[in-house]
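Within every chain, numbering begins at 1; the chains are lettered A, B, ... in the order of the sequence lines, protein sequences first and strands thereafter.
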Amino acid sequence: MSAAMEQIQGHAPAAERPIIELIGISKRFEKRLDFIGKLAQKLGAPVREEIVHAVDNVNLSIRKGEVVGLVGESGCGKSTLGRVVAGIMPPSDGEVLWRGRNIGSLQGAEAREAKLRAQMIFQDPYASLNPRMKVQDIVGEAPLVHGMTTRGGFESYVDEQLRRAGLDPTLKKRYPHQFSGGQRQRIGIARALAVQPEFLVCDESVAALDVSIQAQILNLFMKLRADLDLTYLFISHDLGVVEHLSDRVVIMYLGRVVEQAPSEEIFARANHPYTVSLLSSVPRIEARKRAFATVKGEIPSPLNPPPGCHFHPRCPHAFDRCRVEVPALKEIAPGHLSACHLNG
Amino acid sequence: MVATLEVRNLQTHFFTRAGVVKAVDGVSFTVGRGKVMGLVGESGSGKTVTGFSIIGLVDAPGRVVGGEILFHGQNLARLSEEEMRQLRGNRIAMIFQDPMMTLNPVLRIDTQMIETVLAHTKVSQEEARQRCRDALGMVGIPSPEERLKSYPHQFSGGMRQRVAIAIALLHRPELIIADEPTTALDVTIQGQILAEVQKLATNTGTSLIWITHDLSVVAGLADDIAVMYAGRVVEDGPVSEVLDKPLHPYTHGLIGSVPSRNKRGEPLRQIPGMTPSLLKLPPGCAFRSRCDRATPECATPIELMELIPGRHARCIHPHLEEQVAA
């Protein structure tokens with residue numbers, strides 16, 4: 001029965017069907033009260049459980065071969081969302097669909113298989129590699145465990161992975177500390193690709209690198225996309241990088257998606273006041289001596305976000321409705337969604 | 001008009017067990033009154049050590065071994081520690097990347113700020129307090145009177161950096177050295193800080209050395225720019241000229257690799273290879289192993305030369321042909 005279903009789905013045009021779909025994803029982090037806390041509460045002290053809504057009801061679908069840029073400032077939940085998508089963290093609410101099937105409902109071999117399909121590349125090339133492991137083990141361990149290579153073919157499999165990430169395979173017996181930042185990031189990329197994923201989540205993967213090295217790594221990402229037909233969720237605070245790389249951009253603010261649109265569209269016709277102010281705050285190399293545009297105020301604490309639209313205390317256009325009602329994400333042009341009451 | 005700061009052939013070396021690291025090896029530049037100078041380079045290029053050398057904060061095993069740092073004509077490299085102490089925080093101030101390097105976590109902001117005021121001027125407690133309040137107001141901190149009573153951990157990252165800037169401003173210094181002060185901040189907060197700094201430089205006539213790896217920040221903020229590579233200035237000049245028509249192949253490559261300078265979706269122009277180790281720098285141009293214009297002559301020592309009036313580069317094959325075109 002299910003094989004027949006597969007067969008039918010297999011005939012649907014691949015480009016139409018999203019590779020990954022998020023439906024109403026929320027992630028909450030709760031700090032529960034310990035014994036002393038509970039006691040203090042009983043005695044009337046003003047302590048309570050603290051809940052951070054890191055990601056709040058996010059819907060997003062990513063098509064095969066697409067590069068989606070996820071942009072936001074610190075605390076907006078972009079990394080948490082990336083981790084949920086990569087399957088590292090279970091969501092508190094909502095469903096992650098992988099080719100239309102709920103990842104949470106898969107069992108056994110199927111679940112393991114699904115986990116391998118999405119891999120993650122981290123920000124800090126110093127913290128994300130085990131310093132006590134040789135490069136060949138960092139890259140080769142997972143494929144060996146999952147039976148993608150054998151003991152006999154191990155060496156050549158690892159060589160192939162390293163070469164693809166632009167590293168010299170003769171260096172595979174070395175440890176991470178013997179490499180520079182850019183090379184370490186390449187090791188991280190080789191590790192992620194070694195299990196033959198279809199989908200990569202890059203969480204600020206070039207943020208820690210120097211500009212000249214950053215360009216090398218970005219070029220590698222683009223080459224791999226073409227060679228291996230990869231799909232990316234590219235998380236970054238750097239709008240220049242995102243603009244260059246992404247087909248579609250998603251902007252987050254305090255756990256919610258405030259706007260999403262195709263790349264050209266969002267940089268030409270940003271709709272949400274937050275996106276507009278974000279774009280005007282970005283220093284650009286084309287700009288000369290000028291007055292820097294500013295958004296007033298600070299990013300509020302996600303522990304205690306403002307009611308209504310989270311952006312209203314900083315928004316120059318805020319009116320009464322913004323202070324009470326959460327704006328829905330609505331389509332304002334084909335493929336362009338924005339969550340703002342100004343759109344009616 | 002005498003320049004606020006003139007650095008001539010500054011050399012700061014670190015004497016480590018592995019050998020002598022020439023972190024700064026012959027750096028020269030000038031900062032005029034009320035001007036903003038952008039000191040740009042990648043990690044390990046010596047930009048921070050240059051800043052530390054000027055304000056006299058280089059620790060052992062490092063030492064300023066040569067050159068002159070002329071502050072209003074006075075050579076800072078020759079001053080005693082006590083004389084330097086009189087200047088530091090008073091006429092020259094520094095802002096660090098991490099504001100917690102400036103702030104003591106266990107003292108209230110008012111304690112730290114008033115201490116700074118009293119270190120260099122004889123005023124009453126009340127007057128010192130008034131000055132601190134004004135400084136906090138100047139950098140855009142709301143309700144400064146209440147905030148004075150807070151501890152550093154009660155401020156957000158952006159607010160902490162504002163406090164650090166306020167402390168630097170207390171004595172209305174003639175020169176502020178800012179070492180990547182907005183790198184750790186979010187874009188909108190960075191925009192706010194840059195706007196404040198820009199206003200201050202214009203209003204108070206303070207000269208500024210802005211150390212950063214981010215060309216885009218410097219593009220909108222600085223008057224002049226000096227690009228560093230492997231301990232040396234490879235190019236300097238007015239910001240718009242250097243960014244529009246770079247002379248040195250390194251500057252050229254660096255600007256070319258910024259994503260917004262490339263067509264969307266196409267491969268970024270990249271500089272091959274990586275920065276050489278400062279421990280074993282080859283003689284001649286340190287960039288030549290990564291340079292597409294390098295010839296055998298590049299292995300001979302190359303000086304910073306004035307190639308166009310007001311613009312210097314340390315290169316014998318500069319991008320001169322593009323200068324005519326524009």
Side-chain angles (χ1 to χ4, degrees), chain A residues 67 71-76 180-183 206 208-220 222-223 225-226 237-247 263-264 267 274 277-301 314, chain B residues 36 40-45 140 142 156-159 182 184-199 213-223 239-240 243-244 250 253-275 290:
Chain A
V67 178
V71 181
E73 299 183 278
S74 18
C76 75
S180 69
Q183 285 174 314
V206 295
L209 305 175
D210 275 322
V211 187
S212 66
I213 307 298
Q214 176 179 307
Q216 295 175 1
I217 299 292
L218 289 175
N219 283 345
L220 176 64
M222 285 191 275
K223 185 178 173 300
R225 177 198 186 187
H237 69 281
D238 188 333
L239 283 155
V241 170
V242 167
E243 180 177 10
H244 187 76
L245 217 63
S246 318
D247 302 314
S263 223
E264 288 99 353
F267 286 98
Y274 175 64
S277 48
L278 194 63
L279 288 176
S280 68
S281 299
V282 178
R284 295 203 159 248
I285 195 164
E286 291 79 16
R288 289 300 172 261
K289 195 89 177 172
R290 60 165 182 127
F292 284 91
T294 62
V295 199
K296 59 178 181 180
E298 302 249 311
I299 306 163
S301 159
R314 304 174 76 191
Chain B
V36 181
V40 181
E42 298 185 282
S43 13
S45 62
S156 67
M159 281 295 165
T182 58
L185 304 177
D186 279 312
V187 203
T188 53
I189 308 298
Q190 166 172 286
Q192 293 171 355
I193 300 251
L194 290 175
E196 299 289 353
V197 164
Q198 206 167 35
K199 215 162 57 193
H213 69 280
D214 191 341
L215 285 167
S216 321
V217 167
V218 170
L221 184 72
D223 299 289
V239 108
S240 52
L243 292 184
D244 288 338
Y250 173 64
L254 203 58
I255 294 169
S257 59
V258 172
S260 63
R261 272 290 164 102
N262 287 265
K263 206 160 168 235
R264 217 177 73 77
E266 277 179 18
L268 296 164
R269 268 168 285 162
Q270 61 180 49
I271 307 175
M274 49 191 181
T275 14
R290 304 173 73 184

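With chain A as the partner, the residue from E196(B), H213(B), R261(B), K199(B) showing the most heavy-atom pairs under 4.5 Å is R261(B). By number of non-hydrogen pairs under 4.5 angstrom with chain A, the leading residue of S260(B), G140(B), G253(B) is S260(B). Interface remark: of the candidates D244(B), L254(B), T275(B), I255(B), D244(B) forms the most heavy-atom pairs closer than 4.5 Å to chain A. Between chain B and the residues Q216(A), E264(A), M222(A), the largest count of heavy-atom pairs under 4.5 Å involves Q216(A).
Across all their heavy atoms, E42(B) and D210(A) have their closest contact at OE2-CB, 3.0 Å. Scanning both residues, A215(A) and S257(B), for their nearest heavy atoms gives CB-CB, 3.6 Å. Among all heavy-atom pairs drawn from V241(A) and P259(B), the shortest one is CG2-CG, 3.9 Å.
Between the CD1 atom of I285(A) and the CG atom of D214(B) there is a distance of 8.5 Å, given to the nearest 0.5 Å. Between I189(B) atom CD1 and E73(A) atom CD the span is 6.5 Å, to the nearest 0.5 Å. Considering OG of S43(B) and CD1 of I213(A), their distance stands at 8.5 Å, rounded to 0.5 Å. One distance of note links CD of E243(A) with CG of N262(B); it measures 11.5 Å at 0.5 Å rounding.
Within the 3.5 Å criterion, the main-chain N or O of E266(B) finds a donor-acceptor partner in the side chain of H244(A). A distance-only check finds a donor-acceptor pair linking the side chain of Q192(B) to the backbone of G297(A) [under 3.5 Å]. Side-chain N or O atoms of R284(A) include none that pairs as donor or acceptor with a backbone N or O of G220(B) at under 3.5 Å. A donor-acceptor contact shorter than 3.5 Å is absent between the side chain of Q270(B) and the backbone of I217(A). Judged by distance alone, the side chain of N219(A) and the main-chain N or O of P267(B) form no donor-acceptor pair under 3.5 Å.
There is no contact between S301(A) and chain B, counting heavy-atom distances below 4.5 Å. Only the side chain of Q190(B) has a heavy atom closer than 4.5 Å to any heavy atom of chain A. Only the side chain of R290(B) has a heavy atom closer than 4.5 Å to any heavy atom of chain A. For S74(A), the parts sitting under 4.5 Å from any heavy atom of chain B are the backbone and the side chain alike. Contact of K263(B) with chain A is made through the backbone alone, with heavy-atom distances under 4.5 Å. Contact of P142(B) with chain A is not made at all, since no heavy-atom distance falls under 4.5 Å.
Applying side-chain contact (heavy atoms from CB on, under 4.5 Å) to S281(A) and the options D186(B), L194(B), V187(B) leaves one that passes, V187(B).
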